Structures are given as structure tokens and as C-alpha cells.
Number of protein chains: 2
Amino acid sequence: MDLDKANAALNNPVRRKILDWLKDRSNFPPALAEHADLEGMCVAYIQEKACLSQSTISNYMGLLKQAGLVISERHGQFTFYRRDEDAIRAFLSAVEKELLKP
Amino acid sequence: MDLDKANAALNNPVRRKILDWLKDRSNFPPALAEHADLEGMCVAYIQEKACLSQSTISNYMGLLKQAGLVISERHGQFTFYRRDEDAIRAFLSAVEKELLKP
DNA sequence: TCCATATATCGAGATATCTCGATTTCTCGT
DNA sequence: ACGAGAAATCGAGATATCTCGATATATGGA
């Protein structure tokens, strides 16, 4: 988790919303049968939900990934993104530690 | 505390550093005798520490104030800025609530 | 009232972010 | 090897942020 990159990645309402949507698969259309047991969400579904272009969402997911807030896994033609809960907790701890008075 | 503005204000390393410096008066030169009992720090001292122009720091402090993260108080020609600890805690709670899985 | 000092505001150029459509790359089936 | 679909990368225009110097405003003291 890169604190500066995470800060930057989270400084955008859509990217924050994506991270929120990824908490629960029911925020997206049902998975294809062959993806039923995979974690995470493909770019196309996130794109549809966010109402932004494919390239924008791909870019967003790349930023979230570089920040270390999500994990990506490729399965065939699909890339599945999911939250990195540990990294998110680490980010929150780091921000808290930085902001809170000793 | 405005969550979006706070997010934006904190997305800058110098502004984060300023908030950090403001935790402890000993990060700055000693106060003038007539300011000894006042809370907060004047713009000029913050500017000196940050090595940026006066207008930039005034702008930064305005952003932090609009975000609700600092409180300003004028005393004579000086404006003293200090952390709003309650607002900072509220910001952290809000971010945590937004990011953490239920 | 006039000056000096502290801060705020203004205007502008440099840099970064946003967002898109077009193109490229990757992977699977055929 | 080839075509189709998913995602990544590229290039560019629009918008936002950064940062400055110059100027304006506010305040206290002579």
C-alpha cells in the first residue's frame, strides 16, 4: 500500500464509489456461470455501473491497483478486481497515525 | 467538516505536513511575548517552515479552513490557525466508515 | 492621518488530472 | 493461424491544482 498513491486514488468520488461497490457482489449483475466461484469483479461490470468509458475505468482500476487498494487477477480474457482489505485497513491506520495527535 | 473538501485539502503533502506541525507548538519559533497565551500559529511562521510563498501558505490555510480541519482566529494583524481536533476525528471516522466493509 | 506589518486576494503560467475515442495487446475458440 | 471479445495503452482536449509575484485589505502604532 502506497500512502501517497492511495491518497491520490481516493481523491475522486467515482473511485471511492467503486471501492464501495466492491464490498458486495450484489451491487453488480450476476456473474457468468463459469465465473461463479471467482472473487472480484470484471472491468465491464464496473464500467456499466459507473457510466464511464472502458478506458477510464481501466485507468481507474490501474490507479487503485498501483495504490495497492485492490488486487487484480486475470482469468481468461477477464481481469477481476477485488478489494485488498488488509491494505485498506493499513491505509486507514496510516492516515489515522498521521493525522491524530499522539 | 466537509468530507470532499477535507479529502482534497489533505491530498497534498505540504498541507498534511502543516497539520502535523500544528500538533505541537515546538515545531515553530517561540511565540512573541504578547502572543504567549494564544492558541495556534500565525501564517508567517508556517510559511517560513514550509519554504513556500506567503500567498501559497495563505491559500493552503484557507483550503484547510474551508475543509473544516483548522480553526482561525484573528488577533490584531495576525491570524492564528490551529487544528480542529474534533473535526479531524470526525473526518477519520467518516473515511473509515466509507472505506471499511460493514 | 499616515506608515509599517500581517494576511488575503487576484491573475497567470506551469503542471497534473480527467475523460474520451482510437488503437493495441492478450486470450480464447474455431 | 484467424476472428472475436475483454482489457490495457496511447494521444489529446478540457478542466483543475499548484505556485508565484503583485496588489489589496486590515490592523496597530506614531
Side-chain angles (χ1 to χ4, degrees), chain A residues 2 4-19 22 28-35 38-67 69-82, chain B residues 2 4-19 22 28-35 38-67 69-82:
Chain A
D2 178 321
D4 281 335
K5 286 188 180 175
N7 241 311
L10 290 172
N11 194 37
N12 174 295
V14 177
R15 288 193 293 265
R16 286 199 301 272
K17 211 76 195 100
I18 290 173
L19 227 44
L22 289 176
F28 299 93
L32 301 177
E34 61 268 39
H35 295 151
L38 297 177
E39 279 188 274
M41 195 46 56
C42 66
V43 174
Y45 280 10
I46 300 170
Q47 181 202 342
E48 183 180 5
K49 183 111 181 159
C51 295
L52 287 171
S53 74
Q54 184 269 325
S55 63
T56 297
I57 298 303
S58 180
N59 175 23
Y60 279 13
M61 299 319 292
L63 292 174
L64 288 168
K65 184 184 159 75
Q66 277 197 294
L69 297 168
V70 301
I71 296 166
S72 74
E73 216 164 304
R74 205 169 229 262
H75 288 275
Q77 314 163 259
F78 296 80
T79 305
F80 291 85
Y81 287 94
R82 65 177 191 274
Chain B
D2 179 321
D4 281 334
K5 286 189 180 175
N7 240 311
L10 291 171
N11 194 37
N12 175 295
V14 177
R15 286 193 295 263
R16 286 200 300 274
K17 212 73 195 100
I18 290 173
L19 227 43
L22 289 177
F28 299 93
L32 301 176
E34 61 268 39
H35 295 152
L38 297 177
E39 279 187 274
M41 195 45 56
C42 66
V43 174
Y45 280 11
I46 300 171
Q47 180 201 343
E48 183 180 5
K49 184 111 180 159
C51 295
L52 286 171
S53 74
Q54 184 269 324
S55 62
T56 296
I57 297 303
S58 180
N59 175 23
Y60 279 13
M61 299 317 294
L63 292 174
L64 288 169
K65 183 184 160 74
Q66 277 197 294
L69 297 167
V70 300
I71 295 166
S72 75
E73 215 165 307
R74 204 167 231 265
H75 288 275
Q77 315 162 260
F78 296 80
T79 305
F80 291 85
Y81 287 94
R82 65 177 191 274

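The shown structure was predicted, so the numbers you read here are calculated from the model rather than taken from an experiment. In what follows, chains are A, B, ... by sequence order, proteins preceding strands, each numbered from 1.
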**Message:** Using side-chain contact (heavy atoms from CB on, under 4.5 Å), reason through A:Leu10 and A:Leu69 one step at a time and then give a plain yes or no.
**Reply:** CA-CA 9 Å; A:Leu10 290 172; A:Leu69 297 168; 3.8 Å; yes
**All salt bridge (charged side-chain N to carboxylate O under 4.0 Å, His left out) counterparts of A:Glu73, not counting sequence neighbours** = A:Arg82
**Prompt:** Which residues satisfy the salt bridge (charged side-chain N to carboxylate O under 4.0 Å, His left out) test with A:Lys5, sequence neighbours excluded?
**Reply:** none
Distance in angstrom units between [X] [atom1] and [N] [atom2], rounded:
X: B:Met61; N: C:dT9; atom1: CE; atom2: P; result: 14 Å
X: A:Glu34; N: D:dA6; atom1: CD; atom2: C1'; result: 13 Å
X: B:Glu73; N: C:dA8; atom1: CD; atom2: P; result: 13 Å
X: B:Phe78; N: D:dT25; atom1: CZ; atom2: C1'; result: 16 Å
X: A:Leu63; N: C:dA16; atom1: CG; atom2: C1'; result: 12 Å
X: A:Leu10; N: C:dC18; atom1: CG; atom2: P; result: 12 Å
X: B:Ile46; N: C:dA8; atom1: CD1; atom2: C1'; result: 14 Å
X: A:Arg15; N: C:dC18; atom1: CZ; atom2: C1'; result: 9 Å

**Complete:** A:Asp4 meets the side-chain contact (heavy atoms from CB on, under 4.5 Å) criterion, sequence neighbours left out, with A:Asp2, B:Arg16
**Complete:** Value for OH (B:Tyr81) from OG (B:Ser72), rounded to nearest 0.5 Å, stands at 5.0 Å
**Fill in**
Value for CG (B:Asn7) from CG (A:Asn7), rounded to nearest 0.5 Å, stands at 7.5 Å
Table of protein N/O atoms under 3.5 Å from nucleotides 19-22 of chain C N/O atoms:
| from | atom 1 | to | atom 2 | distance (Å) |
| --- | --- | --- | --- | --- |
| C:dT19 | OP2 | A:Tyr60 | OH | 2.0 |
| C:dC20 | OP2 | A:Ser53 | N | 2.8 |
| C:dC20 | OP2 | A:Ser53 | OG | 3.2 |
| C:dC20 | OP2 | A:Thr56 | OG1 | 2.8 |
| C:dG21 | N7 | A:Ser55 | OG | 3.4 |
| C:dG21 | O6 | A:Ser55 | OG | 2.8 |

**Heavy-atom side-chain contact between B:His35 and B:Cys42 under 4.5 Å** = no
**Item:** Expected output: side-chain A:Arg15 to main-chain A:Lys17 donor-acceptor under 3.5 Å
**Value:** no
**Message:** Does B:Tyr60 form a side-chain contact (heavy atoms from CB on, under 4.5 Å) with B:Ile46? I'd like the steps, not just the answer.
**Reply:** CA-CA 10 Å; B:Tyr60 279 13; B:Ile46 300 171; over 6 Å; no
**Prompt:** Heavy atoms under 4.0 Å, any strand shown: does A:Ser58 hit a base, just sugar-phosphate, or nothing?
**Reply:** base
**Asked** Looking across every strand, which nucleic acid part, if any, lies under 4.0 Å from A:Tyr81 by heavy atom: base, sugar-phosphate, or nothing?
**Response** sugar-phosphate
**Message:** Between B:Phe78 and B:Leu38, is the side-chain contact (heavy atoms from CB on, under 4.5 Å) condition met? List the steps.
**Reply:** CA-CA 11 Å; B:Phe78 296 80; B:Leu38 297 177; over 6 Å; no
All N/O contacts under 3.5 Å from nucleotides 24-27 of chain C to the protein, with atom names and distances to one decimal?
none

**Worked verdict on A:Met61 versus A:Ile18 for side-chain contact (heavy atoms from CB on, under 4.5 Å)** = CA-CA 9 Å; A:Met61 299 319 292; A:Ile18 290 173; 3.9 Å; yes
Write down the protein N/O and nucleotide N/O pairs, taken from nucleotides 11-14 of chain D, whose separation is under 3.5 Å; answer none if there are no such pairs.
none

